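Only one structure is covered here, and it is reproduced in the block below.
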Amino acid sequence: MSEAERASGDVTSSKSKPVTAAEENFGVRARNISIGYTIRGRSEPFVAVAEATFDVRPSEMVCIVGPSGCGKSTVLSAVAGLMPVRSGSLAVNGRPVTGPAADRAVVFQKASLLPWMTVEDNAAYGLRSYGTAKSVARERAHELLAIVGLSNFAKSYPYQLSGGMQQRTNLARALAADPKLLLFDEPFASLDAQQREMLQAELMRIWADTDKAGLFITHQIDEAVLLGNRVLVSTKGPASHITNAIEIDLPWPRTRNTRLHPDFNGYVEHIWSLLAAEQV
Ligand code: ADP
Ligand code: MG
């Protein structure tokens, strides 16, 4: 099996229904992408990611783990359309990525809420900026706040919320425009353990009945195994590449109890050993 085939993985895991021809174009298709930063005063760019090949198919969640600085955020920025790829090909929902677009939304580690707006207005903000009428945007915001468990806080301001609740609002905002692809850059990394588990559970519940595709970056292996259809393991940088795509064949829907599945720790250990081999 070639590296590319391995990275694409198999689509027969129990959540992802077989992908139909109509759906084939949706999701992410990255082939040998390399991404670099221009450094002032240097003629050569700093190559952060030299070779990344992977797919994210509709309704799949694909996680990327790797050592700090290996280029995870860089890959996510490229998929978001915030950074160009220097070589290789990158398509989202069947079209080459040329910049940010409404078909994808990013959830960053830090909830970037507008402090002077209420939770409902923050949730509706994206929709309003796309020209949705205020009443429609607000109604949709309320639906989303119900989904993320924040109905009672619609009129609160971000400073009145815990970190976990701010991140729920952020998630509601990302879901508002109904993007086909959600990109997560360590969204729960700065939360305490209990809030992180609650947010993971919330995301798993939302994910159980969505056909969206997700790319989820984390440095926590157990989080990747819990949430992902597949886990991509990045080598350390610079010029990192994605070495392994591990199919996580645990039952769907995923819940907190998935951690108790007899195969769960085996996956965690396997990925841990791949990462440990990277450190030497
Ligand atoms: P990760 O998210 O895996 O921790 P990043 O994608 O943030 O890693 O960074 C990958 C590499 O690119 C690192 O070596 C980092 O120092 C470098 N890098 C990140 N952002 C910039 C930038 N704006 N300019 C130059 N180098 C950068
Ligand atoms: Mg990062």
Side-chain angles (χ1 to χ4, degrees), residues 3 7 28 30-56 61-90 92 97-100 104-112 163 166-167 170-171 174 181-192 195-196 199-200 203 214-228 230-246 268 271-280:
E3 194 66 39
V28 183
R31 292 290 173 276
N32 299 309
I33 57 172
S34 116
I35 316 160
Y37 293 93
T38 306
I39 308 286
R40 195 195 294 249
R42 280 214 236 147
S43 54
E44 290 294 300
F46 172 79
V47 179
V49 177
E51 198 152 316
T53 292
F54 59 90
D55 285 334
V56 187
M61 181 73 98
V62 172
C63 298
I64 304 183
V65 296
S68 182
C70 72
K72 301 182 295 296
S73 295
T74 303
V75 168
L76 186 119
S77 300
V79 177
L82 302 169
M83 272 193 83
V85 297
R86 300 186 103 86
S87 61
S89 71
L90 177 62
V92 169
V97 175
T98 54
R104 68 209 95 124
V106 191
V107 183
F108 291 106
Q109 179 173 336
K110 194 169 176 319
S112 42
Q166 291 183 13
Q167 202 54 296
N170 213 19
L171 185 55
L181 172 67
L182 278 159
L183 304 170
F184 300 91
D185 194 354
E186 308 206 30
F188 309 145
S190 58
L191 303 179
D192 64 45
Q195 291 197 339
R196 188 185 314 133
L199 267 283
Q200 286 169 345
L203 182 58
L215 185 61
F216 192 105
I217 284 167
T218 176
H219 60 263
Q220 288 197 284
I221 302 170
D222 62 332
E223 184 169 73
V225 173
L226 184 66
L227 301 177
R230 271 174 295 124
V231 177
L232 312 183
V233 181
S234 172
T235 62
K236 67 175 182 233
S240 67
H241 55 281
I242 286 168
T243 45
N244 286 284
I246 294 133
V268 173
I271 294 167
W272 197 90
S273 66
L274 294 170
L275 284 168
E278 264 311 299
Q279 302 297 317
V280 290

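Bear in mind the structure is a predicted one, so any value in this text is a computation, not a measurement. In listed order, ligands and their atoms are each counted from 1.
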Taking only non-hydrogen atoms of Ser68, do any sit less than 4.0 angstrom from ligand 1? yes
N/O/S atom of Ser73 inside 2.8 Å of the Mg ion (ligand 2), strictly under: yes
Atom 6 (O) of ligand 1: of Val47, Leu76, Asp185, Thr74, the nearest heavy atom sits on Thr74
What's the shortest heavy-atom distance between Val65 and Ala224, and which atoms? CG1-CB, 3.6 Å
Protein heavy atom under 4.0 angstrom of atom 17 (C) of ligand 1, is there one? yes
Indicate yes or no for a side-chain donor-acceptor contact from Thr38 to the backbone of Pro45 under 3.5 Å, with no hydrogens or angles considered. no
For Val97 and Ala78 the tightest heavy-atom approach is CG1-O, 3.6 Å
Heavy-atom closest contact (Ala50 atom, Ser34 atom, distance): O-CB, 3.3 Å
Which protein heavy atom lies closest to atom 22 (C) of ligand 1, and at what distance to 0.1 Å? Tyr37 CD2, 3.3 Å
Can you pull out the closest protein heavy atom to atom 8 (O) of ligand 1? Residue, atom name and distance to 0.1 Å, please. Gly71 N, 3.2 Å
Closest approach of Asp55 to Val62 (non-hydrogen atoms, all atoms of both residues): O-CG2, 3.8 Å
Is there any N or O on Gly69 that sits under 3.5 Å from an N or O of ligand 1? yes
Pick from Ser73, Gly36, Pro45, Cys70: the one approaching atom 7 (O) of ligand 1 most closely through a non-hydrogen atom: Ser73
Looking at Gln109, is its backbone amide N or carbonyl O close enough to the side chain of Gln167 to form a donor-acceptor pair, meaning the two atoms are under 3.5 Å apart? yes
Quick note on ligand 1: atoms under 4.0 Å from a heavy atom of Ala48 include exactly 11 (C), 12 (O)
For Phe46, the atoms of ligand 1 under 4.0 Å from one of its heavy atoms are 11 (C), 12 (O), 14 (O), 17 (C)
Picking from Leu182, Leu181, Leu183, Val79, what satisfies side chain to side chain contact (heavy atoms under 4.5 Å, CB included) with Val106? Leu183
Quick one: does Gly66 get a heavy atom under 4.0 Å from ligand 1? no
Do any N or O atoms from the side chain of Lys236 and from the backbone of Ser68 form a donor-acceptor pair under 3.5 angstrom? no
